[in-house]
Amino acid sequence: MLPNFDYVRPRSVRGAIKQLSSYGAIIHAGGTDLLSCLRDGVLDVEKVVSISKLNRLKGIGQLSDGSLRIGALTTIAEVAASRIVKGRYACLAQAASEVASPQLRSQGTIGGNICQKPWCWYYRGDFDCLRKGGLMCYAENGENQYNCIFGSDGICYIVHPSDTAPALLALGASVRIAGPGGARRVSMDKFHVRPAVDVQKETVLESEEIVVEIIVPPAPEGLRSSYRKVRVRRSFDFALAGVALALQFSGSKVTGGRVVLSGAAPVPWRSREVEDVIIGEKLNARTIAKAADAAVRGAEPLGNNGYKIPLFRGIIEQQLAAIAKG
Ligand SMILES: Cc1cc2nc3c(=O)[nH]c(=O)nc-3n(C[C@H](O)[C@H](O)[C@H](O)COP(=O)(O)OP(=O)(O)OC[C@H]3O[C@@H](n4cnc5c(N)ncnc54)[C@H](O)[C@@H]3O)c2cc1C
Ligand code: SF4
């Protein structure tokens with residue numbers, strides 16, 4: 001059952017920030033994640049601040065320097081269907097099209113997607129775990145088949161649930177944030193927070209701050225990109241393992257780019273190990289095999305998720321082989 005809360009729908013970003021400054025206030029965008037959190041008692045909320053009337057947060061457009069601007073209230077379905085996104089940033093369109101189900105993609109927004117709460121079932125259930133301010137992590141020695149293999153800091157073993165965030169990180173995107181002190185811009189690689197920094201936060205956002213838009217830099221010459229996700233159910237499910245590739249090529253040689261794993265860590269996980277193996281090299285069978293080894297180096301599987309090691313190796317091999325073909 002949903003708890004009681006006040007509900008407001010301000011018409012300006014400034015008005016929304018003001019509403020968010022009161023105790024226990026939280027943003028409501030599409031509500032696909034927030035309402036589950038409220039229903040499951042995950043969040044203690046006094047006031048829900050709908051941002052649905054903030055029209056300047058909607059839509060996709062191009063900026064004068066060639067960057068792409070995606071308003072935070074743009075739906076996931078709009079991102080997946082956008083001609084410009086499909087044409088220039090294939091990994092983002094593919095990631096958006098892999099999010100949840102058609103209904104959730106039509107309702108859920110890209111801002112909500114990168115800010116969503118973790119789906120660790122202890123966190124969503126009646127367990128007062130570390131991330132909810134309790135004293136222990138139940139997943140570490142519990143039912144941890146869907147938890148992380150990297151980046152837990154020995155504290156919290158969630159995987160970051162977003163499909164679009166790894167693609168945005170691979171593309172070098174940044175997030176524009178509005179707050180009481182004005183606007184700030186944070187690159188995607190600094191937006192999500194590791195457990196050692198703050199186990200109760202997923203992002204750098206303060207409680208009065210709103211993600212206004214996401215900026216994706218112009219696609220560099222020779223960019224090829226893709227997103228691949230493996231999940232239990234084809235209908236809708238979170239990533240067991242996924243990879244966003246955004247690589248620049250000159251002929252068959254990789255000259256730059258990023259490789260980001262999903263379903264791997266509490267934050268979208270940039271695999272510099274794979275990047276180090278492939279950048280400056282031709283993507284042939286030997287390089288690809290080395291990259292697959294590098295992808296899982298340093299992984300720390302838990303009791304029930306060791307299967308993720310061969311899974312990540314396999315998808316890295318397949319995706320690099322596919323992208324090498326152009
Ligand atoms: C059954 C199910 C399956 C799902 N499967 C997937 C999946 O496979 N892949 C995936 O990526 N996601 C998945 N999701 C999550 C879904 O994508 C997100 O719920 C959705 O994108 C969130 O968008 P929203 O607009 O509904 O956010 P809301 O539910 O409104 O908000 C989510 C959170 O983000 C905060 N927030 C929202 N907008 C902003 C903003 N502009 N600035 C600051 N904070 C903000 C809210 O306060 C809240 O804490 C699934 C969800 C469900 C229920
Ligand atoms: S992994 Fe994190 S969210 Fe899940 S039980 Fe442990 S502390 Fe809580």
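These numbers come from a predicted model, not from an experiment. Atoms within each ligand, like the ligands themselves, are counted from 1 in listed order.
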* **Subset of ligand 2 atoms that lie under 4.0 Å from at least one heavy atom of Cys129** => 3 (S), 5 (S), 7 (S), 8 (Fe)
* Structure fact -> One finds that the ligand 2 atoms under 4.0 Å from a non-hydrogen atom of Tyr122 are 5 (S)
* From Arg124 CZ over to Lys117 NZ, what is the distance, rounded to the nearest 0.5 angstrom? -> 9.0 Å
* Side chains of Tyr157 and Asn144: is there a donor and an acceptor less than 3.5 Å apart? -> no
* To do: Quick one: look at Leu104 and ligand 1, take heavy-atom pairs under 4.0 Å, and tell me if it's side chain, backbone, both or neither.
  => side chain
* Side-chain donor-acceptor pair present, Thr287, Asn284, cut-off under 3.5 Å -> yes
* Asked: With respect to Glu202, which candidate in His160, Gln116, His192, Arg131 satisfies the side-chain hydrogen bond (donor to acceptor under 3.5 Å, both in side chains) definition?
  -> Arg131
* Numbered atoms and elements of ligand 1 in range of Gly31, under 4.0 angstrom, heavy atoms -> 24 (P), 26 (O), 27 (O), 28 (P), 29 (O), 30 (O)
* To do: From atom 2 (Fe) of ligand 2, work out which of Pro118, Cys137, Cys156 has a heavy atom at the shortest distance.
  => Cys156
* Structure fact -> In ligand 2, the atoms that come under 4.0 Å of a heavy atom of Ile158 are 1 (S), 2 (Fe), 3 (S)
* Asked: Counting from 1, what ligand 1 atoms have a heavy atom of Lys229 closer than 4.0 Å?
  -> 7 (C), 8 (O), 9 (N)
* Asked: So which heavy atom in the protein is nearest atom 20 (C) of ligand 1, and how far is it from that ligand atom?
  -> Thr32 OG1, 3.1 Å
* Ligand-residue contact atoms, ligand 2 with Ala139, heavy atoms, under 4.0 Å -> 1 (S), 5 (S)
* To do: May I ask you to list the atoms of ligand 1 that are less than 4.0 angstrom from any heavy atom of Ile51?
  => 41 (N)
